[in-house]
Amino acid sequence: MAIKAIIYKAELQISDIDRNYYHDHALTIARHPSETDERLMVRLLAFAMHADDALMVAPGLTHNDEPDICRKDLTGAIDLWIDVGQPDEKSIRRACGRSRQVYIYTYSGNSADMWWKEVRDQLEKVRNLTVINIPAKVGQALTKMAQRNMQLQCTIQDGQAWISDNDNNVQIELEMWKAAHK
């Protein structure tokens, strides 16, 4: 019998000063048995960084042809594609062909560094791709907040983020590894 996903609920209060976006989101997130708490929390961070009323979280670990988080336009086409982790170059190119904007949020310290060294040259000319690294210390600190029921506050200002709960406060300085070309 297959192990089922674990359901997490997050009350996420977002104050994004950069985008003038202030909103509360009640999220239900399925954590696949093979997914770590760190990946789950990086997904929540990625959601917070791009939050709007149309942003959707995938039900768990996705297949290569589906984003972890996305926003669709009125025609149903994917406008914003967000993946978390270290997808292969072919999957990234396919995502960039299907969406106007693609963001990859990578984490895990040395393995993220090795992944980026492997794919960076092949992806340098992809115009609609942004790659952001979450430093290993930040991922570990976010993991301490992972609970089945979470109440989190996220403040975003000047490209930095702070996520807190009742016991923890994590400052997040995102590392921009590749910015989309205008």
Side-chain angles (χ1 to χ4, degrees), residues 7-31 35 37-60 62 66-85 87 92 95-96 98-107 126-135 137-139 141-182:
I7 303 301
Y8 284 72
K9 295 193 179 274
E11 295 291 329
L12 183 59
Q13 184 180 57
I14 301 171
S15 298
D16 188 336
I17 298 162
D18 292 346
R19 295 187 301 138
N20 199 26
Y21 181 82
Y22 306 92
H23 198 74
D24 295 346
H25 291 270
L27 302 173
T28 301
I29 304 168
R31 191 187 114 202
E35 185 177 20
D37 283 344
E38 182 178 20
R39 186 178 192 286
L40 174 85
M41 296 306 290
V42 171
R43 279 201 290 153
L44 274 173
L45 171 63
F47 180 92
M49 296 301 295
H50 301 273
D52 66 31
D53 292 335
L55 201 61
M56 300 180 296
V57 178
T62 60
E66 296 296 325
D68 288 316
I69 301 167
C70 72
R71 181 181 59 230
K72 295 182 179 181
D73 65 17
L74 296 175
T75 68
I78 298 172
D79 181 50
L80 174 63
W81 181 301
I82 301 170
D83 271 338
V84 173
I92 295 169
C96 289
R98 291 181 57 195
S99 179
R100 191 175 63 78
Q101 293 179 295
V102 175
Y103 282 81
I104 306 294
Y105 283 83
T106 190
Y107 62 96
V126 179
R127 300 190 62 78
N128 60 335
L129 174 65
T130 300
V131 179
I132 297 171
N133 182 55
I134 310 300
K137 290 188 295 187
V138 171
L142 288 173
T143 299
K144 293 177 184 174
M145 293 184 196
Q147 310 262 334
R148 296 282 300 275
N149 290 296
M150 298 178 269
Q151 291 186 338
L152 304 170
Q153 298 79 39
C154 180
T155 303
I156 302 165
Q157 182 175 12
D158 298 330
Q160 293 186 21
W162 293 264
I163 294 185
S164 60
D165 63 10
N166 289 336
D167 302 317
N168 304 286
N169 186 17
V170 179
Q171 181 177 351
I172 304 158
E173 292 191 39
L174 304 170
E175 297 175 356
M176 180 72 65
W177 282 0
K178 180 189 181 315
H181 305 289
K182 301 268 179 185

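As the structure is a computational prediction, the values presented were derived from the model and not from experiment. Because only heavy atoms are used, hydrogens play no part in the values below, and waters and symmetry mates are left out as well, while side chains stay in.
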If you measure from [atom1] on [X] to [atom2] on [Y], what distance do you get to the nearest 0.5 Å?
X    : Y    : atom1 : atom2 : result
I29  : L12  : CD1   : CG    : 8.5 Å
W81  : K72  : CH2   : NZ    : 9.5 Å
N133 : Y107 : CG    : OH    : 11.5 Å
Q101 : L80  : CD    : CG    : 5.5 Å
M41  : Q147 : CE    : CD    : 9.0 Å
E38  : T143 : CD    : OG1   : 4.5 Å

Q) Listed by chain and number, what are the ring-ring contact (aromatic ring centres under 6.0 Å, His included) partners of F47, not counting sequence neighbours? A) H25
Q. Is there any salt bridge (Lys or Arg N to Asp or Glu O under 4.0 Å) pair reaching into residues 14-27, and which pairs are they, with sequence neighbours excluded?
A. D16-R19
[X] side chain to [Y] main-chain N or O, any donor-acceptor pair under 3.5 Å?
X    : Y    : answer
D165 : M150 : no
T106 : G85  : yes
T28  : K9   : no
D68  : V84  : yes
N128 : C96  : yes

Within the 4.5 Å heavy-atom criterion, are [X] and [Y] side-chain neighbours or not?
X    : Y    : value
K178 : L129 : yes
H50  : Y105 : yes
R43  : L40  : yes
L142 : L44  : no
E173 : P135 : no
I82  : P67  : no
I104 : I132 : no

Restricting to side chain to side chain contact (heavy atoms under 4.5 Å, CB included), what partner residues turn up for [X], sequence neighbours left out?
X    : value
A54  : D52, R71
R148 : I6, Y8
A26  : E11

Q. Do H23 and D53 pass the side-chain contact (heavy atoms from CB on, under 4.5 Å) test, and can you show the C-alpha distance, the side-chain angles, and the key distance before you say yes or no?
A. CA-CA 9 Å; H23 198 74; D53 292 335; 3.3 Å; yes
Q) Among pairs that include at least one residue of residues 149-158, which meet side-chain hydrogen bond (donor to acceptor under 3.5 Å, both in side chains), considering only residues two or more places apart or in two chains? A) Q153-S164
Taking all non-hydrogen atoms of both residues, which atom of [X] and which atom of [Y] are closest, and how far apart?
X    : Y   : value
I69  : A46 : CD1-CB, 3.9 Å
P87  : I92 : O-CD1, 3.6 Å
I156 : M49 : CD1-SD, 3.7 Å

